> 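Handing you a structure now.
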Amino acid sequence: MADMTLLDRARKGEITAEIRRAAEAAAGAGIDPETLRRLVAKGHVVIPMNVSLRAVPTPIGACMRTRVNANIGTSADYADIDSEIEKAKIAVQCGADTVMDLSTGGDLMDTLERILDATPVPVGTVPIYHAACTRTAGTALSDMTSDDLFNAVRSHAKSGVDFMTIHAGVTSATVDNLIASERILTIVSRGGALTTAWMMQNEQENPFYSEFDYLLEIAREYDITLSLGDGMRPGCIADANDYAMFSEVITLGRLVKRARAAGVQCMVEGPGHVPMDAIEYGVRVTKELCDNAPLYLLGPVVTDIAPGYDHITSAIGGAIAGMNGADFLCMVTPAEHLALPTVDDIREGTIVTRIAAHAIDLVKPGVRDSARAMDLKMAVARRDLDWDAQFELAIDCECGGQKESQRARSIHEARNSQSETCSMCGELCAIKVMNKSLGKKD
Ligand code: SF4
């Protein structure tokens with residue numbers, strides 16, 4: 001149990017072992033431990049880490065590399081724990097910085113404990129899923145009690161979970177705003193919908209809001225980082241940046257202050273489905289209202305009409321959001337809106353989200369130079385027509401434990417050229433022609 005949390009210690013000027021390790025892990029980006037401590041003390045960076053100290057310290061927020069989360073977890077239809085463990089491992093091999101267990105099928109605690117054992121990175125959960133799934137068989141959602149919710153939080157914290165999504169911003173006032181709105185898709189957040197349905201059926205305030213101080217007590221005890229969920233995130237671009245969304249964000253801003261005052265680290269979550277010209281505004285207002293708490297985004301998906309390709313629609317939105325201040329991207333897979341993702345979907349979604357994160361880092365203060373150095377190496381390898389180096393420098397080079405990009409190599413070799421170039425231009429290769437003209441390489 002934590003007498004003092006990581007945030008308490010950072011505020012007192014202490015460079016803890018976790019801060020030192022996190023700074024070392026981010027050393028390529030030029031972050032020294034004292035700078036990181038100050039960012040943690042202000043709440044502009046969080047290092048999600050349970051008192052069990054299981055996970056690799058992973059700083060998320062200002063001046064840090066843009067982080068990527070991979071969502072995994074069973075469903076009622078597919079409750080195969082081994083498959084979820086495989087997904088967790090693949091996601092981490094593909095570069096996911098964190099994993100969230102969103103399981104809703106099978107033995108939830110067994111699944112969570114096995115994922116924690118199999119995963120070196122910080123693990124997050126959404127405890128209301130657990131409470132909703134494990135309420136007494138045959139009872140209605142409305143029979144779930146406030147104790148069920150807090151018991152789920154405590155049991156996850158005890159197991160070693162590092163961060164938790166809590167939809168504390170879904171208040172009676174927020175729900176009134178939603179009902180008065182003309183939204184097409186009222187609520188698409190699963191946690192937001194469960195919370196709202198419970199509140200409406202019981203005619204009560206959201207326990208995570210009305211008993212937020214109790215939640216903070218548990219979070220302090222286990223030094224859990226709270227991820228304040230966006231229950232009102234828009235589920236289609238017609239609903240983006242509306243009154244319901246921003247009324248929740250205002251509440252989240254207040255909760256950020258209360259969490260920090262209690263020594264609890266917190267992030268804020270964001271939408272959702274947003275057209276490209278509305279992303280900057282939504283991100284900047286959220287960051288402002290939440291005092292620059294690290295912003296964790298799902299997407300945003302920039303069009304509603306690309307099922308099967310939503311890893312791409314969300315990477316486009318994520319890149320724009322990151323350029324404007326988002327710090328942490330939740331992987332979206334090709335299966336989004338369609339089905340529980342497969343292992344291959346998780347691999348694809350993680351890599352595509354990492355591409356968006358890297359594109360952000362190329363322009364992000366604090367990490368720009370180290371990110372650009374990676375691209376510069378690739379440019380030199382291309383200039384030198386050094387194919388092995390290109391495969392090794394590719395962003396998916398460690399995917400599946402490989403040391404080079406299997407995809408890049410197989411495309412290149414399947415349609416190989418007779419010369420040292422690729423089969424696109426052959427002897428008319430612009431790079432070869434210019435290298436020769438400038439006397440750099442034959
Ligand atoms: S052959 Fe064309 S596409 Fe291939 S490396 Fe040379 S310039 Fe690029």
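What you see below is based on every heavy atom in this structure, not just the backbone, and it leaves out hydrogens, waters and symmetry mates. All values derive from a computational prediction rather than experimental measurement. For ligands, and for the atoms within them, numbers begin at 1 and follow the listed sequence.
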> In terms of side-chain heavy atoms, does N69 have a donor or acceptor partner in Y296 at a distance below 3.5 Å?
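Their side chains do contain a donor-acceptor pair, which is all the 3.5 Å distance test asks for.
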
> Can you sort out the partners of E404 under salt bridge (Lys or Arg N to Asp or Glu O under 4.0 Å), two or more places apart, ordered by chain and number?
R409

> Going by an N to O cut-off under 4.0 Å, is there a salt bridge joining R354 and D396?
no

> Compute whether any side-chain donor of one residue and acceptor of the other, for T125 and H156, lie under 3.5 angstrom apart.
yes

> Between E269 and T165, does any side-chain donor sit less than 3.5 Å from a side-chain acceptor?
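Checked: E269/T165 side chains pair up, N/O donor to acceptor below 3.5 Å.
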
> Please could you name the atoms of ligand 1 that A430 approaches to less than 4.0 Å, counting only its heavy atoms?
7 (S)

> Looking only at non-hydrogen atoms, find the nearest pair between L228 and C266 and report the distance.
CD1-SG, 4.5 Å

> Return all protein N, O or S atoms below 2.8 Å from atom 4 (Fe) of ligand 1, chain by chain in residue order.
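You should have found C422 SG.
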
